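Note sheet for the following structure.
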Amino acid sequence: MQRNRDGTSRKVTVIGAGIVGVCSANYLLKQGFEVEVIDPALPGSEDQCSYGNAGGICPGSCLPNSMPGVWKNVPKWLMDPEGPLYVRLAYLPHALPWLLRFLAASRKSRVEEISAAMRALHRYTFECYEPLMKEAGCEELLQKRGQLFVYESADGPGKSNYGLDLRRAHGVRVDILDADEIRQLEPALASIFKSAVYLPEQGQCPNPGRLVRKLAENAARQGARFLQARVKDFELNGRELTAVVLEGGQRRPVDQAVLAAGAWSAALARKLGNRIPFETERGYHVMVKGADTGLRIQTISADRKFVASPMEEGLRIAGNVEFSGLRSPPNMVRADTLLKQARPMFRTFKEGEVKRWMGHRPGTPDSIPVIDRAKRARNVVYAFGHGHQGLIGGSVTGKLVAELAAGLPATVDLSPFSADRF
């Protein structure tokens with residue numbers, strides 16, 4: 001068997017074919033590895049979290065979900081049936097430890113550490129996506145139009161000064177707009193918005209599902225094998241993973257592995273010695289096919305915490321967080337709420353067919369992923385827990401995975417992403 005200079009194998013099994021998994025597969029192939037990818041869902045299909053992403057590809061994304069003062073808003077959100085955060089009562093005892101860690105991560109000192117780690121990971125997102133998209137023939141799926149946060153009051157950005165200063169400290173360009181400047185930049189928006197924050201150096205993808213599918217097809221052309229199956233268990237010999245066991249009992253020998261199974265990763269990581277605080281942050285979207293709003297730029301309602309994204313199929317409205325676990329059925333009232341809140345956002349909103357979707361965001365309480373080696377199996381690389389940032393961090397994480405597998409120095413300092421940080 002061919003091996004790297006440090007003795008690691010030239011064959012890698014990737015568990016998960018979402019955006020992180022397919023980016024990892026492509027970068028592993030660039031390092032000369034033989035690659036197999038295992039996932040029960042087809043790459044880019046509606047069964048994957050990556051499919052329903054709001055589409056932001058933002059190198060300047062460096063603000064965690066848990067910011068100073070967030071604890072003041074949580075009770076209000078929980079009491080509001082249309083609010084951005086919802087916990088099913090029966091699930092609250094399970095979610096509470098995670099939520100307490102989430103609140104603990106809002107300390108200023110911790111927020112600044114997390115922000116620096118997010119910026120370090122995301123700043124290379126364009127650089128790492130562009131060669132993959134060129135090879136896959138889908139360069140049109142990266143649009144650099146910026147990102148717009150709109151407020152219904154004239155002093156909206158002033159309430160976010162701490163976050164704006166963090167962005168500026170990390171070299172992110174921030175423009176503050178008044179009502180007239182909003183109209184000049186994005187005339188599709190209604191006059192209810194009185195101020196805005198515009199991040200001109202950010203990007204968006206108009207079809208995340210197609211991006212995952214095209215990157216998977218590119219990997220397959222380069223020799224990667226895709227197996228539609230679910231990994232259920234592991235076989236270990238000492239501190240080495242020797243095989244994965246699929247549902248149904250089939251055994252697949254493994255030399256090296258990457259665990260990038262999204263919201264299903266934490267349960268598998270426990271079998272490899274790491275108990276990581278983890279929740280599925282269930283997210284909803286509505287796709288209004290053929291919606292004629294005229295929107296060009298991905299726009300976030302800073303007051304109501306949802307995203308409106310122009311997509312190839314129409315307008316996607318995404319957002320809110322629900323804690324109900326992996327098995328509870330979707331509550332599509334949450335999706336309908338997004339549509340209700342978005343209608344007043346536009347000067348014109350000609351609705352077409354409405355499609356509702358729910359997916360499982362893989363969330364750590366500190367908003368950054370785990371990129372590390374497994375405790376009990378040093379030939380396993382973790383690459384999961386990106387939460388709301390999977391599309392942004394997917395390409396860079398894929399490159400880091402390949403560097404770890406090849407025994408090369410990592411492009412990014414990985415200490416903030418340790419599995420033992422909790």
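Every value quoted in this text rests on a predicted model; they were computed, and no experiment measured them. Counting from 1, the numbers follow the sequence of the chain as shown.
Under the rule for a salt bridge (charged side-chain N to carboxylate O under 4.0 Å, His left out), the partners of Arg173 that lie at least two apart in sequence or sit in another chain are Asp175. Partners of Arg356 according to the side-chain hydrogen bond (donor to acceptor under 3.5 Å, both in side chains) rule, which considers only residues two or more places apart in sequence or in another chain, are Asp336. Applying the ring pair (Phe, Tyr, Trp, His ring centres under 6.0 Å) rule to Tyr198 yields no partners; only residues at least two apart in sequence or on another chain are considered. Checked against side chain to side chain contact (heavy atoms under 4.5 Å, CB included), Leu96 has the following partners two or more places apart in sequence or in another chain: Leu100. For Pro277, the side chain to side chain contact (heavy atoms under 4.5 Å, CB included) partners are Arg101, Pro365, Phe422, not counting sequence neighbours.
Between Arg361 and Glu281 there is no salt bridge, since no side-chain nitrogen of the basic residue lies less than 4.0 Å from a carboxylate oxygen of the acidic one. Between Asp180 and Arg183, no side-chain nitrogen of the basic residue sits less than 4.0 Å from a carboxylate oxygen of the acidic one, so the salt-bridge criterion is not met. Ion pairing of Glu313 with Lys355 is absent here, as no side-chain N (NZ or NE/NH1/NH2) approaches a carboxylate O to less than 4.0 Å. Using a 4.0 Å cut-off between a side-chain N of Lys or Arg and a carboxylate O of Asp or Glu, Asp420 and Lys375 do not qualify as a salt bridge. Glu403 and Lys399 are joined by a salt bridge, as a carboxylate oxygen and a charged side-chain nitrogen come within less than 4.0 angstrom of each other.
Nearest approach of Arg88 to Ser328, heavy atoms of both residues: NH1-CB, 3.2 Å. Taking all atoms of both residues into account, the shortest heavy-atom contact from Ala95 to Val87 is CB-CG1, 4.5 Å. Closest approach of Val244 and Leu241 over heavy atoms only: CG1-CD2, 4.3 Å.
Checking Asp303 against Ser301 by side-chain atom types alone, no donor-acceptor pair falls below 3.5 Å. In this model, no donor atom of one side chain and acceptor atom of the other lie less than 3.5 Å apart for Ser395 and Tyr124. The closest side-chain donor-acceptor pair between Gln256 and Asn379, if any, does not fall under 3.5 angstrom.
A centroid separation of 6.0 Å or more is found between the aromatic rings of Tyr129 and Phe126.
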Output, in order, the C-alpha distance, side-chain angles, deciding distance and verdict of side-chain contact (heavy atoms from CB on, under 4.5 Å) for Phe278 and Val370. CA-CA 11 Å; Phe278 204 77; Val370 176; over 6 Å; no
Take Glu140 and Arg210, measure what salt bridge (Lys or Arg N to Asp or Glu O under 4.0 Å) needs, and give me the verdict at the end. CA-CA 11 Å; Glu140 74 281 0; Arg210 186 161 76 88; 2.9 Å; yes
Decide yes or no on salt bridge (Lys or Arg N to Asp or Glu O under 4.0 Å) for Asp39 and Arg230, but give the supporting numbers first. CA-CA 6 Å; Asp39 195 306; Arg230 184 181 295 280; over 6 Å; no
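For the pairing with Cys58, the side chain to side chain contact (heavy atoms under 4.5 Å, CB included) check across Gln204, Gln147, Glu201, Gln389 returns one residue only, Gln147. Each of Arg304, Lys194, Lys159 was compared with Glu152 under the salt bridge (charged side-chain N to carboxylate O under 4.0 Å, His left out) criterion, and only Arg304 meets it.
Applying the 6.0 Å contact sphere to NZ of Lys30 captures more than 12 heavy atoms from other residues, nucleotides or ligands.
Listed by first and then second residue, the side-chain hydrogen bond (donor to acceptor under 3.5 Å, both in side chains) pairs that reach into residues 257-277 are Asn274-Tyr382, sequence neighbours excluded.
At distances below 3.5 Å, not a single donor-acceptor pair connects side-chain atoms of Arg119 with backbone N or O atoms of Leu63.
Classification of the Tyr91-His94 ring pair by plane angle, with boundaries at 30° and 60°, yields tilted.
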